[in-house]
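Dropping a structure here in structure tokens format, bear with me for questions.
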Amino acid sequence: MSQTVDRALSILPLLAEGPADLGQVAARLGVHKSTALRLLRTLHEHGLVYRQSDQRYRLGGRLIALAQEAMENLDVREIAHPHLVRLNEQCGHTVHLAVHEEKEVLYIDKVDSRYPVRMYSRIGKPVAITVAAVAKLLLADLPEPERRALAESLDYPSYTPRSTPGAEAFLAELAAVREQGWATDLGGHEESINCVAAPVRGADGRVVAAMSVSAPNVVVTAEELLALLPLVRRTADAISGEYSGRTPVHQ
């Protein structure tokens, strides 16, 4: 039974490459055509593959619908939270998770630092979109026309002397963030707070969330916080792998 299931599931990646006929499926599986036909018929009955008029098979609408439903029901916060807690235990600093919704970037999870100095950020609260490291990552992933239109529609408050001054400077920073794959806020929102952030990506490679580590400069310097970037990126990669289904969940 397990071999039959394995063979049937092996057909799906083949058809994801494009339509294939019976002979191609049999050759890929290394089985007789009659065996391949039996597997294809079973998958067809469940709507997972579809036989075209030219007798080639492609992925079925039911499989696509199931994938879409699964993606819609994925809760990135639920998946990320244990990783955020673990990162907080390793470094001791405040850890955030944020997502982009319409024209806002919102915190959806937070694990507080272990020292008395606390940040005033709150779950559900929008971030300072023109300076926050998580916002830079999320907006940098937008298509260029959308990125430019959004940047040109924003106001650019001068929170500190290090705040982003305007749309062109913001677009240049987003381009750099898109290229390097991480972002910082070094006193751009509050002069005493520094932050490093990394992206969480879905199965298609798009950024679905961003996570960050923040700390006041009375606790660690900006240079000391930047030294945590490899750990932050590994954590984001672990969340991405679990969210996209590329890595197993360890119980």
Side-chain angles (χ1 to χ4, degrees), residues 67-113 119 121-144 146-147 150 173-186 188-189 194-215 225-251:
Q68 181 65 33
E69 185 177 353
M71 288 300 297
E72 290 174 355
N73 289 329
L74 278 178
D75 185 345
V76 68
R77 180 185 180 276
E78 181 179 348
I79 291 169
H81 187 74
H83 296 275
L84 305 184
V85 170
R86 195 173 303 118
L87 178 59
N88 170 265
E89 291 171 348
Q90 290 175 288
C91 70
H93 307 311
T94 300
V95 181
H96 288 106
L97 183 71
V99 296
H100 181 211
E101 292 187 0
E102 296 182 357
K103 291 189 176 182
E104 291 185 325
V105 173
L106 306 171
Y107 289 125
I108 59 171
D109 203 359
K110 177 184 179 182
V111 183
D112 276 310
S113 65
M119 295 184 62
S121 55
R122 296 194 307 272
I123 294 174
K125 180 181 177 181
V127 309
I129 197 167
T130 59
V131 292
V134 289
K136 294 170 188 175
L137 282 165
L138 289 158
L139 301 186
D141 193 59
L142 296 174
E144 197 281 332
E146 190 175 342
R147 196 163 69 238
L150 178 58
E173 186 165 11
L174 294 183
V177 166
R178 187 182 180 95
E179 178 69 23
Q180 69 194 17
W182 51 273
T184 63
D185 169 16
L186 303 179
H189 187 217
N194 297 309
C195 175
V196 294
V200 175
R201 299 182 185 275
D204 59 359
R206 297 296 304 275
V207 177
V208 297
M211 54 153 298
S212 65
V213 170
S214 304
L225 191 66
L226 283 167
L228 293 174
L229 184 58
L231 177 60
V232 175
R233 297 184 77 179
R234 285 197 298 272
T235 302
D237 287 346
I239 298 169
S240 300
E242 191 172 327
Y243 181 81
S244 65
R246 293 195 304 270
T247 56
V249 181
H250 300 288
Q251 301 295 339

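The first residue of the sequence shown is numbered 1, and numbering continues consecutively from there.
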**Message:** Whether the side chain of Arg147 engages the backbone of Leu142 through a donor-acceptor N/O pair (distance < 3.5 Å, no angle test) should be reported.
**Reply:**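 The answer is yes, because a donor-acceptor pair under 3.5 Å joins these two groups.
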**Message:** Between Glu104 and Leu106 (side chain of the first, backbone of the second, donor and acceptor by atom type, cut-off under 3.5 Å), is there such a pair?
**Reply:**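 No: the side chain of Glu104 does not pair with the backbone of Leu106.
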**Message:** For a quick test of reading the model, state the closest non-hydrogen atom pair linking Ala98 to Leu138 and the distance between them.
**Reply:**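 Reported closest heavy-atom pair: O-CD1, 3.9 Å.
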**Message:** I'd like to know if the side chain of Asp185 and the backbone of Val196 have a donor-acceptor N/O pair within less than 3.5 Å.
**Reply:**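 No, Asp185 side chain to Val196 backbone: no donor-acceptor pair under 3.5 Å.
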**Asked** If we only count heavy atoms from C-beta on, is the His81 to Val111 side-chain gap below 4.5 Å?
**Response**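 Yes. Closest side-chain heavy atoms under 4.5 Å.
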**Request:** Check whether the side chains of Lys110 and Thr94 place a donor and an acceptor atom closer than 3.5 Å, and report yes or no.
**Result:**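 Judged by distance alone, the side chains do not pair up.
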**Prompt:** With a 4.5 Å limit on heavy-atom distance, are the side chains of Leu225 and Leu228 in contact?
**Reply:**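 Leu225 vs Leu228: side chains touch.
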**Message:** Which heavy atom of Leu137 sits nearest to which heavy atom of Pro199, and what is that distance?
**Reply:**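 Between these two residues, the closest heavy atoms are CD1-N, 3.8 Å.
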**Inter-residue atom distance Arg201.CZ - Asp237.CG, 0.5 Å rounding** =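 With rounding to 0.5 Å, CZ (Arg201) is 9.0 Å from CG (Asp237).
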**Message:** Could you report the tightest heavy-atom contact between Arg122 and Tyr107, atom names first, then the distance?
**Reply:**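 Heavy atoms of Arg122 and Tyr107 come nearest at O-CB, 3.7 Å.
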**Request:** Give a yes-or-no answer on whether the side chains of His93 and Ser214 include a donor-acceptor pair shorter than 3.5 Å.
**Result:**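 Ser214 and His93 do not have a side-chain donor-acceptor pair below 3.5 Å.
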**Asked** Just how far is it from atom CG of Leu150 to atom NZ of Lys103, taken to the nearest 0.5 Å?
**Response**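 Between Leu150 CG and Lys103 NZ, I get 7.0 Å after rounding to 0.5 Å.
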**Sidechain-backbone polar pair: Arg77 side chain, Asp109 backbone, donor-acceptor under 3.5 Å** =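 It does not hold such a pair.
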**Prompt:** Taking C-beta and beyond as the side chain, do Val99 and Val105 meet within less than 4.5 Å on heavy atoms?
**Reply:**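 A side-chain contact under 4.5 Å is absent here.
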**Request:** Apply side-chain contact (heavy atoms from CB on, under 4.5 Å) to Thr184 and Asn194, showing your working.
**Result:** CA-CA 8 Å; Thr184 63; Asn194 297 309; over 6 Å; no
**Request:** Please report the shortest heavy-atom distance between Cys195 and Leu186, naming the atom on each side.
**Result:**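 Heavy-atom minimum between the residues: O-CD2, 4.3 Å.
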**Item:** Lys136 side chain reached by Thr130 side chain, heavy atoms, under 4.5 Å
**Value:**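 Thr130 vs Lys136: side chains apart.
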**Request:** Check the surroundings of atom CD in Glu78: do more than 12 heavy atoms from other residues, nucleotides or ligands lie under 6.0 Å from it?
**Result:**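 Open: at most 12 neighbouring heavy atoms sit under 6.0 Å from CD of Glu78.
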**Request:** Output yes when a side-chain donor or acceptor of Ser244 lies under 3.5 Å from a complementary backbone atom of Ala203, and no otherwise.
**Result:**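 Such a contact is absent between Ser244 side chain and Ala203 backbone.
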**Request:** Measure the shortest side-chain to side-chain distance between Val134 and Met211 over non-hydrogen atoms and say whether it is less than 4.5 angstrom.
**Result:**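 Val134 does not reach Met211 side chain to side chain.
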**Prompt:** Roughly how far apart are Arg234 CZ and Ile239 CD1, rounded to 0.5 Å?
**Reply:**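 Going from CZ on Arg234 over to CD1 on Ile239, the span is 13.0 Å.
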**Message:** Between Val207 and Val200, is the side-chain contact (heavy atoms from CB on, under 4.5 Å) condition met? List the steps.
**Reply:** CA-CA 6 Å; Val207 177; Val200 175; 6.0 Å; no
**Asked** Do Arg233 and Trp182 come within less than 4.5 Å of each other through their side chains, counting heavy atoms only?
**Response**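 Touching, per the 4.5 Å side-chain cut-off.
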**Message:** So which atom in Val76 and which in Ala209 form the shortest heavy-atom distance, rounded to 0.1 Å?
**Reply:**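 Looking at all heavy atoms of both residues, the closest pair is CG2-CB, 4.2 Å.
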**Any Glu242 side-chain heavy atom under 4.5 Å of His83 side chain** =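 Counting from C-beta outward, Glu242 and His83 do come under 4.5 Å.
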**Message:** Quick check for you: to the nearest 0.5 Å, what is the distance between Leu97 atom CG and Ser212 atom OG?
**Reply:**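 Going from the CG atom of Leu97 to the OG atom of Ser212 covers 8.5 Å.
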**Asked** Is any side-chain heavy atom of Val208 closer than 4.5 Å to a side-chain heavy atom of Tyr243?
**Response**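 Yes. Closest side-chain heavy atoms under 4.5 Å.
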**Item:** Arg178 side-chain N/O to Ala140 backbone N/O, donor-acceptor pair under 3.5 Å
**Value:**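 Yes; at least one donor-acceptor contact below 3.5 Å.
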**Prompt:** Which heavy atom of Ala183 sits nearest a heavy atom of Ala133, and at what distance?
**Reply:**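 Of all heavy-atom pairs spanning Ala183 and Ala133, the closest is CB-O, 3.5 Å.
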**Asked** How many angstroms lie between CG in Leu139 and CD1 in Ile129, if you round to the nearest 0.5 Å?
**Response**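 The CD1 atom of Ile129 is 4.5 Å from CG of Leu139, to the nearest 0.5 Å.
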